[in-house]
Peer 1: 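Right, I'll just put the structure down here and ask away after.
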Amino acid sequence: MINLKLFQQNFDEASAKLEKKGVDISTLKNLKELFSSLKEANSSLELAKANQNKMSKLFGQYKKEGKDIDELKAKVDKNKEVISYLQSKAREADNSLYEVALAIPNFPDDSVPNGKDEDDNIEIKKVLTPRDFNFEPKEHWALSEINGWIDFERGVKLAKSRFSVLRGESARLERALINFFLDCNREKGFEEIYVPFLNNSAMLQGTGQLPKFGDDLFKIEGEDLYLIPTAEVPLTNLYNNEILSKDELPILMTGYTPCFRKEAGSAGRDTRGMIRQHQFDKVEMVAITNPDNSDEIFDMMVQNASDILTALKLPHRIVRLCGGDLGFSASQTIDLEVWLPGQNKYREISSISNTRDFQARRAKIRFKDGKKNHLVNTLNGSALAVGRTLIAIMENYQNEDGSIEIPEVLKKYM
RNA sequence: AGAGAGGUGGCCGAGUGGUUGAAGGCGCACGACUGGAACUCGUGUAUGGGGCAACUCAUCGAGGGUUCGAAUCCCUUCCUCUCUGCCA
């Protein structure tokens, strides 16, 4: 959640920032009003309560002293009615404020370029040059058919469309990649963590998936549980509602989880192949940091993800997302896009975001600096998306006959 | 899943309707004592919100309710422990 106080105090500046992310100005004006009326409602409620508390104490005193309490009782009864009225007004104001506030995205950093969608993203650099093929490189689904690697039909039979089955060499490669990624991250100081794949709604609100994006989540019927869409949710919320000590920071975590997404808004996109599935494996990095050095750690995370791709000899490019393409919780995001020769395109394989204190405010993750508590910064990034790496290996390491080489660094994992 | 017990501050633990945001202890911080330390003594020591501040509101697992007033009573819910059941 954004800092409402700051938002209120610098309304013009704040709303200009949010407009960069495509938020409607009338929503923001509404939010400002809701915030004022909540403050008003709360302060009159508090006044009435303070009054009540004082009189109640008197009440006890009078009784002890054997004084007459009828008059006081009448006063106190009346005030009680006032309180219950003010209470309901304050609750109303609270509900309507948070309904709006929780749906407001994070402020983008000043460094975020203006732009509407992915076409306005800015390429920072390319790493490694795509190899020259002396034949027409095939797409991964064609290679899959030749090698028997991915069984799309049976995946659909077992579940529904956008599910698939890996078998034999590809299943082993998937597992090798997970282990390889976890080892790489561990070497950079990330602690390996294994988490529940179902999280409750409070956690999903903490990282920003709820309440606004519930449509993209698989929910367990009759329970307050959701299949996680990314390990960012459990890893970040590991410290939900906790106060850390300053010298625990930064906390660097990595974990493998499957991720589950309904892909509600993606009907018709990437229907062929394994680019966009309802279930996919991902190894995630999450950092909980002091705001003072979150930029530094952000750069380290980008570098780490890029290094892993380099170790796999996969050509990729590093892209800075524009305001319009930035995710809900992010104040800044860098995507890594891997080269897919079969598709003749760079495709997203990692996304690294600094959410600053946006998630920390929602999830109440703070650290103690002397007497004072401050919100931490939270960062997350893939290192890496496993399924998409598998595809990238298939397409980049293919031979003319359709066979696929195994990258050198993975051989010891197979 | 069924039966029982229980959830109080960093930890232990008292507290069954009235200056209790919470005794006492441990821990921790600071000060005194010491050459230094231990011991001892003194002081301080939860979180969130509003306010420039004085101050004020909320929080004794969570949410509701009863009451002038609730950690204490009622309801709902979550969690932990023990026994039974079931499983990997």
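Nothing here was measured: the structure is a model prediction, and the numbers come from that model. So that the names make sense, note that chain A is the first sequence line, chain B the second, and so on, each numbered from 1.
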Peer 1: Write down the distance separating the C1' atoms in B/rU72 and B/rA54, rounded off to the nearest Å.
Peer 2: 33 Å

Peer 1: When both hydrogen-bonding distances must be under 3.5 Å and the geometry is Watson-Crick or G-U wobble, what is B/rC81 paired with, if anything?
Peer 2: B/rG4

Peer 1: Could you label the plane-to-plane angle of the A/His278 and A/Phe163 rings as parallel, tilted or perpendicular, counting under 30° as parallel and over 60° as perpendicular?
Peer 2: tilted

Peer 1: In the structure shown, which nucleotide is the Watson-Crick or G-U wobble counterpart of B/rU19, with both distances under 3.5 Å?
Peer 2: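 Partner of B/rU19: none.
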
Peer 1: Expressed in whole Å, how much space separates the P atoms belonging to B/rG31 and B/rC79?
Peer 2: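 Those two atoms are separated by 47 Å.
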
Peer 1: Does any nucleotide pair with B/rC60 by Watson-Crick or G-U wobble geometry, both distances under 3.5 Å, and what is it?
Peer 2: none

Peer 1: If we take the P atom in both B/rC12 and B/rG65, what is their distance in whole Å?
Peer 2: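 That atom pair is separated by 31 Å.
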
Peer 1: Can you establish whether the number of heavy atoms outside A/Lys29 located under 6.0 Å from its atom NZ is more than 12?
Peer 2: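 12 or below, so no.
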
Peer 1: So, using salt bridge (Lys or Arg N to Asp or Glu O under 4.0 Å) as the criterion, who are the partners of A/Glu192 when residues are at least two apart?
Peer 2: A/Arg186

Peer 1: Using a distance-only test with no angle check, is there a side-chain donor-acceptor pair under 3.5 angstrom linking A/Asn354 and A/Gln332?
Peer 2: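 No, A/Gln332 and A/Asn354 have no side-chain donor paired with an acceptor closer than 3.5 Å.
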
Peer 1: Which part of the nucleic acid does A/Lys364 contact within heavy-atom distance under 4.0 Å: base, sugar-phosphate only, or nothing?
Peer 2: nothing

Peer 1: Who is the Watson-Crick or G-U wobble partner of B/rA70, with both distances under 3.5 Å?
Peer 2: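 Matched B/rA70 with nothing under the 3.5 Å cut-off.
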
Peer 1: For A/Glu405 and A/Asn399, test the side chains for any donor-to-acceptor distance below 3.5 angstrom and give the result as yes or no.
Peer 2: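 On atom types as modelled, these side chains qualify, holding a pair under 3.5 Å.
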
Peer 1: Begin from the C-alpha positions of A/Asp295 and A/Arg356 and carry the test salt bridge (charged side-chain N to carboxylate O under 4.0 Å, His left out) through to its verdict.
Peer 2: CA-CA 9 Å; A/Asp295 285 314; A/Arg356 308 265 170 214; 2.9 Å; yes

Peer 1: May I ask you to list the residues of residues 71-90 of chain A, by number, that have any heavy atom positioned under 4.0 Å from an atom of RNA chain B?
Peer 2: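 RNA chain B contact set from residues 71-90 of chain A: A/Lys73, A/Val76, A/Asp77, A/Lys80.
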
Peer 1: Report the residues that fulfil salt bridge (Lys or Arg N to Asp or Glu O under 4.0 Å) with A/Asp307, sequence neighbours left out, ordered by chain and then residue number.
Peer 2: A/Lys188

Peer 1: So does A/Lys262 have more than 12 non-hydrogen atoms from other groups sitting under 6.0 Å from NZ?
Peer 2: yes

Peer 1: For B/rG27, what is the paired nucleotide under Watson-Crick or G-U wobble rules, both distances under 3.5 Å?
Peer 2: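 Across any shown strand, B/rG27 pairs with B/rU45.
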
Peer 1: Please list, by residue number, the residues of residues 44-53 of chain A whose heavy atoms come closer than 4.0 Å to an atom of RNA chain B; answer none if no residue qualifies.
Peer 2: A/Glu46, A/Lys49, A/Ala50, A/Gln52, A/Asn53

Peer 1: Determine the interatomic distance between P on B/rG61 and the same-named atom on B/rA14; round to the nearest Å.
Peer 2: 14 Å

Peer 1: Do the two ring centres, one from A/Phe107 and one from A/Phe358, sit under 6.0 Å apart?
Peer 2: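 No, the ring centres sit 6.0 Å or more apart.
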
Peer 1: Rounding to an integer number of angstrom, what distance separates B/rG42 and B/rC33 when you compare their C1' atoms?
Peer 2: 11 Å

Peer 1: Which sits closer to the 5' end of RNA chain B, A/Gln61 or A/Lys54, going by the nucleotide each is nearest to?
Peer 2: A/Gln61

Peer 1: Quick check on side chain to side chain donor-acceptor pair (under 3.5 Å): which of A/Thr333, A/Asp335, A/Asn380 does A/Ser353 satisfy it with?
Peer 2: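 Single side chain to side chain donor-acceptor pair (under 3.5 Å) partner of A/Ser353 among A/Thr333, A/Asp335, A/Asn380: A/Thr333.
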
Peer 1: When both hydrogen-bonding distances must be under 3.5 Å and the geometry is Watson-Crick or G-U wobble, what is B/rU34 paired with, if anything?
Peer 2: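 Base-paired to nothing in any strand shown.
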
Peer 1: Considering only residues two or more places apart or on different chains, which pairs with a residue in residues 276-287 of chain A satisfy salt bridge (charged side-chain N to carboxylate O under 4.0 Å, His left out)?
Peer 2: A/Glu263-A/Arg276, A/Asp270-A/Arg276, A/Lys282-A/Glu284

Peer 1: For B/rU19 versus B/rG63, give the span between their C1' atoms, rounded off to a whole number of Å.
Peer 2: 28 Å

Peer 1: Taking any atom under 4.0 angstrom from a heavy atom of chain A, which nucleotides of RNA chain B are the first and last to qualify, 5' to 3'?
Peer 2: B/rG18 to B/rG69

Peer 1: Work out how far the P atom of B/rA5 is from that of B/rC60, and round it to whole angstrom.
Peer 2: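 Comparing P positions in B/rA5 and B/rC60 gives a spacing of 23 Å.
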
Peer 1: Let's test this: given Watson-Crick or G-U wobble pairing with both distances under 3.5 Å, identify the partner of B/rC52.
Peer 2: none

Peer 1: Counting only heavy atoms not in A/Lys78, do more than 12 fall under 6.0 Å of its NZ?
Peer 2: no

Peer 1: When you compare B/rU47 with B/rC11, how far apart are their P atoms, in angstrom units rounded to a whole number?
Peer 2: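 Going atom to atom, P in each nucleotide, I get 13 Å.
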
